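None of these values were measured; they are calculated from a predicted model. What you see below is based on every heavy atom in this structure, not just the backbone, and it leaves out hydrogens, waters and symmetry mates.
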Amino acid sequence: TPPVAGMPVYRILMAPETWDQFAGGRQRRETRFPCTFIASIEGPGVNERKGEVFHDASIRHRGSTSFQDAEGRYSYRLFLEGGKRYDGRDRLILSAYDSFRQKGGVDVIGMAGLPSTNADLTRLKTPTSDDSRYLDIQVINNDFLDDKLGSSAGRLFRGMNGADLTDHGADPPSYLAVYLPVNRKEDRDIGSLLKLIQALESKDSKAYADQVEKVLDPAEWAMYFAVNHLVGNNERSLNTGLGGDFFLAERPSDGKYILV
């Protein structure tokens, strides 16, 4: 199938026997396999770009719900080594899971003014497939913070299963097990996160609103829940009443936490 005008085309090059080993070992999700990655923008005269070649790349399987879609297509994480970057990134997510719906949801979130990952429909060519339904999703990390918030100076946590913003006291390990630091991973000081959770759990009805507004942006949080409801996001997250699969970003401009 020829690419549409201006469509990103990604090629994963790997010896056929190595690809068979990679594709047959899907239970080893964290195992990276070396590959060559070629990225180009192709189409009839629209934003065409010659291919950029990255020999020192690696790839692994990605996801839980996105690990395999109903058609047997698989999602991947791609890593560019040696300080090399493509479009300012050294990490890429190539998602096969419900990509058109994901793309629509991401676009709506961005139009609502919320910090949202960039997501582009992409044609992915591997040693055994040629598929124009992949979604290249921006990784949420320091590069994302620099892009969306202008700085990565604030903390960034990923909420895992059990991250329901419940106060469990002042013991950092009990929080770090479910709020995984995405940046400054060696920094055990999670004081700002504890202040956020303690404010949300406060029983002081008179001072509650003031306490909460000091640690988070109420309008941004309200929009996050409203938009996720609008786009029908029923995956495990705060908007479905289940902790997990969300990010808390400390906005450098005012120190308040926002939801991503």
Next on the checklist: Measuring centre to centre across the rings, with the benzene-like ring taken for any Trp, is Y179 within less than 6.0 Å of F157?
Outcome noted: no

Checklist entry - Side-chain donor-acceptor pair under 3.5 Å between W19 and T128, yes or no? => result yes

Checklist entry - Counting distance only, does the side-chain N/O of Y208 pair as donor-acceptor with the main-chain N or O of L200 below 3.5 Å? => result yes

Checklist entry - What residue among D136, D147, D120 forms salt bridge (charged side-chain N to carboxylate O under 4.0 Å, His left out) with R89? => result D136

Checklist entry - If we only count heavy atoms from C-beta on, is the Q138 to S116 side-chain gap below 4.5 Å? => result no

Checklist entry - Side chains of I93 and S75: closer than 4.5 Å at any heavy-atom pair? => result no

Item to check | Distance-only side-chain donor-acceptor flag, S129 / T126, under 3.5 Å | outcome: yes

Checklist entry - Which heavy-atom pair separates A163 from F246 by the least distance, and what is that distance? => result O-CE2, 3.3 Å

Item to check | Atom of E201, atom of D167 and distance for their closest heavy-atom approach | outcome: OE1-N, 3.3 Å

Next on the checklist: If we count only N and O atoms by modelled type, under 3.5 Å, do the side chains of D245 and S237 hold a donor and an acceptor together?
Outcome noted: no

Checklist entry - How many angstroms lie between CD1 in I197 and OG1 in T166, if you round to the nearest 0.5 Å? => result 8.0 Å

Item to check | Qualifying residues under salt bridge (charged side-chain N to carboxylate O under 4.0 Å, His left out), relative to E81, sequence neighbours excluded | outcome: R32

Next on the checklist: Would you say Y257 and S192 are linked by a side-chain donor-acceptor pair, where the criterion is simply a distance under 3.5 Å?
Outcome noted: yes

Next on the checklist: My understanding is that only one of N183, L156, V182 makes a side-chain contact (heavy atoms from CB on, under 4.5 Å) with N142; could you say which?
Outcome noted: N183

Next on the checklist: Are the side chains of V227 and V108 in contact, using a 4.5 Å heavy-atom criterion?
Outcome noted: yes

Checklist entry - Would D90 and F79 satisfy side-chain contact (heavy atoms from CB on, under 4.5 Å), going step by step from the backbone distance to the final call? => result CA-CA 6 Å; D90 60 3; F79 304 83; over 6 Å; no

Item to check | side-chain contact (heavy atoms from CB on, under 4.5 Å), paired with T117, selected from I137, V260, I109, L135 | outcome: I137

Checklist entry - Run the salt bridge (charged side-chain N to carboxylate O under 4.0 Å, His left out) check on K214 and D210 step by step: do they pass? => result CA-CA 6 Å; K214 289 179 181 178; D210 289 338; over 6 Å; no

Item to check | Salt bridge present between D189 and R184 (N-O < 4.0 angstrom) | outcome: no

Next on the checklist: Taking ring pair (Phe, Tyr, Trp, His ring centres under 6.0 Å) as the definition, give me every residue that meets it alongside F54, ordered by chain and number, with sequence neighbours left out.
Outcome noted: F37

Checklist entry - More than 12 non-hydrogen atoms from neighbouring residues, nucleotides or ligands closer than 6.0 Å to NZ on K195, yes or no? => result no

Item to check | Worked check of salt bridge (charged side-chain N to carboxylate O under 4.0 Å, His left out) between R123 and D130 | outcome: CA-CA 7 Å; R123 181 182 182 185; D130 183 351; 2.5 Å; yes

Checklist outcome for this item: Minimal heavy-atom distance between R73 and A96, with the atoms involved, is NH1-O, 2.8 Å

Next on the checklist: Working note: K148 + I258, criterion side-chain contact (heavy atoms from CB on, under 4.5 Å); need CA distance, chi angles, decisive distance, verdict.
Outcome noted: CA-CA 12 Å; K148 304 300 180 180; I258 60 174; over 6 Å; no

Checklist entry - What do the steps show when you test M7 against T122 for side-chain contact (heavy atoms from CB on, under 4.5 Å), and what is the final call? => result CA-CA 6 Å; M7 186 177 200; T122 301; 5.5 Å; no

Next on the checklist: Working to the nearest 0.5 angstrom, can you tell me the gap between L180 CG and F247 CZ?
Outcome noted: 9.0 Å

Item to check | SB check D131 K125 (cutoff 4.0 Å) | outcome: no

Checklist entry - Side-chain contact, heavy-atom cut-off 4.5 Å: D187 with P181? => result no

Checklist entry - Is the distance between the ring centroids of W221 and Y224 under 6.0 Å? => result no

Checklist entry - Below 4.5 Å, heavy atoms only, C-beta onward: do I41 and E52 meet side chain to side chain? => result no

Checklist entry - Between atom CD1 of I59 and atom CG of L94, what is the distance when rounded to the nearest 0.5 Å? => result 6.5 Å

Checklist entry - Which distance, rounded to the nearest 0.5 Å, do you find between the CZ of R133 and the CG of D98? => result 11.0 Å

Next on the checklist: Let's go through Y76 and F33 carefully: what are the C-alpha distance in whole Å and the side-chain angles of both, what is the deciding distance for ring-ring contact (aromatic ring centres under 6.0 Å, His included) to 0.1 Å, and is it a yes or a no?
Outcome noted: CA-CA 11 Å; Y76 308 106; F33 279 66; over 10 Å; no

Checklist entry - Are the side chain of E250 and the backbone N or O of G154 linked by a donor-acceptor pair below 3.5 Å? => result no

Checklist entry - Taking atom NZ of K256 and atom CG of L196, what is their separation to the nearest 0.5 Å? => result 12.0 Å

Checklist entry - Within a reach of under 6.0 Å around NE2 of H168, are more than 12 heavy atoms found that belong to other residues, nucleotides or ligands? => result yes

Checklist entry - Any salt bridge between R91 and D143, counting N to O under 4.0 Å? => result no

Next on the checklist: I'd like to know whether D204 forms a salt bridge (charged side-chain N to carboxylate O under 4.0 Å, His left out) with K206, so could you lay out the CA-CA distance, the side-chain angles of the two residues, the decisive distance to 0.1 Å, and finally the verdict.
Outcome noted: CA-CA 6 Å; D204 187 346; K206 293 183 179 180; over 6 Å; no

Item to check | Full working for side-chain contact (heavy atoms from CB on, under 4.5 Å) between I12 and L124 | outcome: CA-CA 8 Å; I12 305 297; L124 179 65; 3.9 Å; yes

Item to check | Distance in Å, C35 SG paired with L13 CG, rounded so as to fall on 0.5 Å steps | outcome: 8.0 Å

Next on the checklist: Is it the case that the ring center of Y74 lies less than 6.0 angstrom away from the ring center of Y97?
Outcome noted: no

